Amino acid sequence: MATHTPKKILIVEDEADIAQLVKLYLEKDGFRTTVATTGAEGLKQIKSDRPDMVILDLMLPEMDGLEICKKIRTTPDTALLPVLMLTAKAEESDTIIGLELGADDYVTKPFSPKVLVTRVKALFRRLERTEDPKQTSYAYGSLRVDLSRHEALLDGKEVSLTAKEFGLLEQLLHHPGRVLTRDVLLNTVWGYDYYGTTRTVDVHIRRLKLKIPLLDEAIISVKSLGYKLSDHIPVK
Ligand code: CA
């Protein structure tokens, strides 16, 4: 692992044997872990104990994984908490993960614990690589964005953006592949004291797509939650 402090992972899983197996393999690899057997307990631990990642089982009694993930994403404090979902059916996973709830990755049951640990490490690496807070310029396909110069170039030509459009673009480029809820975007781009509605975000996203056609495909609307910038840059 890249950092000195071992990363802390919360496992939310009602099947005790699976939870223990996952815990064992993660700890063998140097991670710290805690286990919650219900969604309510998981959310409580997230609040009090702030893990670095959550491994979340989709099928849980009472509150299921979808609902928990939605709660994580819509709470400003935890909106960007990495979530790896454990799902039962491979064929449903792409849709569920990508378009409905905003998990960052998923592993289909039954899984090999070794494979799960590999995926956990890969997710940490991906997030560390793409979410560098000191980064001031971005390249996304034929789009170049320079934050310090407040400049966006598409195919080498400057695109004229308003401050809010530029702010939205910055947030999306800073968190590629991650779901950003309308509330989170509203708070980071407009500020906490702004009293507009989340529809404001939709309007500005639409304008951004009109000004930068590359983003029309690349900014994905995530059902009832918000938006994400695709990891896969459209070839244009
Ligand atoms: Ca379960």
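Only a predicted model underlies this, so the values are computations on that prediction, with no experimental measurement involved. Counting convention: from 1, in listed order, for ligands and their atoms alike. For the single chain, residues carry numbers from 1 onward in sequence order.
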Check your understanding: How would you list, by chain and number, every residue that makes a salt bridge (Lys or Arg N to Asp or Glu O under 4.0 Å) with Lys114, sequence neighbours excluded?
Key -> none
Point to revise | the Ca ion (ligand 1) to Asp14: nearest N/O/S atom name | key: OD1
Review point. Of all N/O/S atoms in Glu15, which lies nearest to the Ca ion (ligand 1)?
Key: OE2
Practice item. Mind jotting down which residue pairs meet the side chain to side chain donor-acceptor pair (under 3.5 Å) criterion with at least one end in residues 201-210? Sequence neighbours excluded, please. Key: Arg182-Asp202, Asp202-Tyr227
**Study point:** Asp57: its N/O/S atom lying closest to the Ca ion (ligand 1) (atom name)
**Key:** OD2
Revision key, fill the gap. Output for pair (Lys8 NZ, Leu26 CG), nearest 0.5 Å, gives 14.5 Å
Review point. For Glu15, does its backbone N or O pair with a side-chain atom of Gln20 as donor and acceptor, under 3.5 Å?
Key: no
